[in-house]
Amino acid sequence: LERYPNAATRLTAQYRLGESEYALGRLEEALEAFVQASEQAADLDIAARATLRRGETLYRLQRLSDAAKVLEALAANKDLSAEIRPGALY
């Protein structure tokens with residue numbers, strides 16, 4: 001990400017970095033990566049996945065009202081794939 005900040009795959013890499021940090025239990029770092037990916041991605045699938053993981057990470061951090069806001073907004077989007085929306089509703 002630092003070496004190629006303008007690469008076409010940067011936001012996919014940012015999302016995957018968030019997944020790696022989440023798996024390692026580094027939730028604050030994961031949240032930062034998911035926020036960047038969700039707010040900057042032009043690819044709606046990456047943005048939706050990053051937003052879902054952002055909400056899940058906020059939940060794990062016990063920031064429940066923040067998690068609820070993110071997940072409720074995501075769940076209200078009826079245009080999301082059948083794979084993403086149920087996760088937001090759960």
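Count residues from 1 along the sequence. What you see below is based on every heavy atom in this structure, not just the backbone, and it leaves out hydrogens, waters and symmetry mates.
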State the [atom1]-[atom2] distance between [X] and [Y], to the nearest 0.5 angstrom.
X: Asp66; Y: Leu71; atom1: CG; atom2: CG; answer: 10.5 Å
X: Glu29; Y: Ser20; atom1: CD; atom2: OG; answer: 12.0 Å
X: Gln36; Y: Leu17; atom1: CD; atom2: CG; answer: 8.5 Å

*Members besides Tyr22 in its Ile/Leu/Val/Met/Phe/Trp/Tyr cluster (side-chain heavy atoms under 4.5 Å)*: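 Besides Tyr22, the cluster holds Tyr15, Leu27, Leu31, Phe34, Val35, Ile46, Leu58, Leu61, Val70.
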*Taking ILVMFWY side chains as joined if any heavy atoms are under 4.5 angstrom apart, and letting links pass through other members, which residues group with Leu64?*
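Direct or chained contacts put Leu64 with Tyr59.
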Looking only at non-hydrogen atoms, find the nearest pair between [X] and [Y] and report the distance.
X: Ala50; Y: Ser38; result: CB-N, 3.6 Å
X: Gly55; Y: Ala67; result: O-CB, 3.5 Å
X: Ala30; Y: Gly18; result: CB-O, 3.5 Å

_Residue pairs fulfilling salt bridge (Lys or Arg N to Asp or Glu O under 4.0 Å) with at least one residue in residues 49-60, sequence neighbours excluded_ =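 For residues 49-60, and leaving out neighbouring residues, the salt bridge (Lys or Arg N to Asp or Glu O under 4.0 Å) pairs sorted by first residue read Glu19-Arg53, Glu39-Arg54, Asp45-Arg49, Arg49-Glu83, Arg53-Glu56.
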*Kindly write out the residues that satisfy side-chain hydrogen bond (donor to acceptor under 3.5 Å, both in side chains) with Arg26, not counting sequence neighbours, or none if the list is empty.*
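Here the qualifying residues are Glu21.
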*asked:* A side-chain contact here means heavy atoms from C-beta on lying under 4.5 Å apart; do Glu32 and Glu28 qualify?
replied: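 When only atoms from C-beta onward are counted, Glu28 and Glu32 do not touch, as no gap falls below 4.5 Å.
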